[in-house]
Amino acid sequence: MGYFSLVLSLPSLLSSRIEAVTGVDPELRPATKPQFGHFQSNVALRLAKTEGKPPRQVAARIVDDLDLEDLCEPIDIAGPGFINLRLKSEVLARSVTEQLADPAVGVSQTARPEVVVVDYSAPNVAKQMHVGHLRSSIIGDCLTRVLTAVGHHVIPQNHVGDWGTQFGMLVEQIVTDGTDVSSLTLADAEALYTKANAHFKADEDFATRARQRVVSLQSGDPETRKIWQQLIDVSLAGFNQAYQRLGVLLTDDHLAGESTYNDDLEAVVADLEANGTAVTDDGALCVFVEGFNSPMIVRKRDGGFGYSATDLAAIRRRVREFGATRLIYVVGAPQSFHFDQVFAVARKVGFLPDNVSAEHVAFGQVLGADGRKFSTREGTAVTLDSLLDAAEEKAAPAIALAAIKYADLSNGLNKDYVFDVDRMVATIGNTGPYLQYAHARVTQVLRKAEADGLTSQDTVTVLPEPAEQTLALLLCRFGEIVAEVSETLQPHKLCAYLYELAGALSIFYEQCPVLKSEGEVRTSRLALCLGTKRVLASGLTMLGIEALDRM
RNA sequence: GCCCCCAUAGCUCAGGGGAUAGAGCAAAGGUUUCCUAAACCUUGUGUCGCAGGUUCGAAUCCUGCUGGGGGCGCCA
């Protein structure tokens with residue numbers, strides 16, 4: 001057997017070997033059933049038409065030309081012409097052994113590293129975070145971790161809502177009441193917000209002063225700015241507390257609120273006008289883009305800027321100053337139209353060159369137990385803290401958090417899902433705690449092994465049992481899965497993989513005694529345990545879930 | 001009116017044009033002198049919303065419907 005590196009991952013190695021013969025991507029997939037081996041390709045069926053030969057004949061020709069003797073058992077042609085591959089046991093063993101020696105646990109660095117901006121969380125100043133922010137924060141954090149793991153330079157951006165007409169009324173309310181902002185909590189600030197809103201509607205005189213406040217704020221009036229800044233400070237303290245509780249990566253370094261684009265807005269307008277894309281219509285500065293039945297309003301009739309303007313400014317900065325070539329927005333599905341339009345306008349005006357991609361990762365709503373929009377009895381949005389509290393009533397904090405995050409990530413992102421605490425914290429079934437348990441249990445085996453002086457855990461040599469082979473096979477697919485998620489931005493694929501891995505570990509655990517076995521079998525199984533633990537830990541970390549050593 | 005998303009087992013959901021459409025939950029039964037039973041094993045369930053079309057082959061692609069959710073010029 002000649003030397004070959006498996007570091008690239010076994011599936012891609014097989015794939016490239018087959019492509020060398022077929023000339024097209026063999027679309028190698030994990031076998032759908034154990035009796036079909038480890039991997040299957042339908043390439044012969046697809047080639048049959050162009051070659052004008054029966055699929056099985058094409059398959060036979062491919063298999064004849066194929067040189068996989070060093071990796072696979074003799075190749076089967078099955079059914080209408082599927083090519084089924086079964087890896088040699090020693091190849092699988094070696095693959096796991098190499099993964100054990102790899103600090104990246106088999107996750108390879110991308111060949112084309114990019115500067116990627118991930119825009120997520122985006123809470124509003126003077127408001128508590130609610131379910132929508134929970135989803136954005138969890139998903140964005142996961143994407144940040146995955147993209148970083150494959151070697152991209154990720155710049156998280158927290159596009160905090162800190163600049164708009166609502167701050168006029170808020171500041172005016174504070175001035176009217178003589179409130180000491182620095183002593184407020186975020187919940188207090190939100191109550192103040194509600195009060196100001198009602199005041200604004202009921203009192204025309206107050207409303208007028210509130211509008212003047214907006215002008216004062218934007219023109220830099222010191223007193224107004226001071227109060228505004230105090231509101232931000234109070235809010236940030238609350239956000240950071242929430243981030244800490246959630247265990248997400250966001251820090252003050254990633255803050256880039258709407259206000260930070262204020263000075264860029266005139267330049268954005270100038271670019272739009274110079275480019276000829278913006279026109280004044282009904283007093284507002286608009287951009288009409290083909291395919292959209294309504295224009296994007298950049299500047300309102302009253303001269304104020306809407307959020308389209310700050311979003312354009314953000315794109316401009318992210319591309320020109322950060323050098324980003326991929327922009328990712330983790331924002332709820334209702335904003336789809338807005339982002340489609342902003343991206344289209346940004347393309348038209350040249351803020352988004354062809355080599356830069358912009359993606360809206362749209363996520364669905366979190367629904368209440370009744371399947372309707374999740375809100376309190378009073379009809380207000382459910383706060384993030386109250387969700388975490390509810391879960392922590394059922395489980396320890398680390399497990400409760402895992403339950404929530406996994407529930408959020410394990411389904412397709414664009415679907416709504418029901419916030420069902422009991423189902424999420426269950427340790428049976430496809431849940432976060434189940435994965436944590438699998439990790440804790442395999443850790444326990446390794447801990448006992450070390451206590452017994454069994455420290456050799458770095459080489460898998462034999463895989464006599466089917467349960468071991470299944471486990472090894474799954475381990476060697478980890479890198480591919482992570483790479484896929486980094487491209488498609490679908491965390492549920494990583495969840496599904498880890499769940500399958502945890503299940504395979506449980507079966508292995510039932511069927512293959514580790515500490516009670518002996519000699520080479522025991523050494524090999526210990527290494528398999530370590531390999532599984534590392535992949536579980538790595539995968540869970542990418543999901544933002546803590547891999548517990550004990551439960 | 002126009003646009004977007006969704007519809008798969010009783011429930012929650014996977015399914016990247018290919019083999020007999022799969023998991024989990026729920027239900028019933030079983031496994032522990034043995035590394036965490038927070039586990040594992042066994043048992044059944046489908047007009048893949050409807051109707052056409054493309055294809056050797058469609059849950060998957062196209063068109064048209066039905067039903068649910070969301071969005072569509074001065075809030076963000």
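This one's a predicted model, so the numbers in the text were calculated from it and none came from an experiment. Reminder, nothing fancy here: chain letters follow the sequence lines and each chain counts from 1. Values below: all heavy atoms of this structure, side chains included; hydrogens, waters and symmetry mates excluded.
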Name all pairs fulfilling the side chain to side chain donor-acceptor pair (under 3.5 Å) condition that reach into residues 123-136 of chain A, sequence neighbours left out, sorted by first residue then second.
-> A:Q128-A:E190, A:R135-A:D408

Decide yes or no, distance alone: a donor-acceptor N/O pair under 3.5 angstrom between the base of B:C25 and the side-chain of A:N430.
->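 Donor-acceptor pair under 3.5 Å: no.
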
Does a side chain donor of either A:H199 or A:Q173 reach within less than 3.5 Å of an acceptor in the other side chain?
-> yes

May I ask you to check whether A:T443 and A:K533 show a side-chain donor-acceptor distance below 3.5 Å?
->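 Present: a donor and an acceptor within the cut-off.
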
Closest nucleotide of RNA chain B for A:T32 versus for A:C286: which of these residues is on the 5' side?
->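 By nearest-heavy-atom nucleotide position, the 5'-most residue is A:T32.
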
Please tell me which of A:A78 and A:F288 maps to the more 5' nucleotide of RNA chain B, matching each residue to the nucleotide holding its nearest heavy atom.
->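 Its nearest nucleotide lies further toward 5', so the answer is A:A78.
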
Sugar-phosphate, base or nothing in reach of [X], heavy atoms under 4.0 Å:
X	value
A:D420	nothing
A:N84	base
A:Q335	base
A:Y499	sugar-phosphate
A:F363	nothing

Check: A:Y307 ring centroid to A:H338 ring centroid under 6.0 Å |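 Yes; A:H338 has its ring centre under 6.0 Å from that of A:Y307.
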
Tell me, what's RNA chain B's dot-bracket, Watson-Crick or G-U with both distances under 3.5 Å, | for other-strand, [ ] crossing?
-> (((((((..((((....[...)))).(((((.......))))).....(((((..]....))))))))))))....

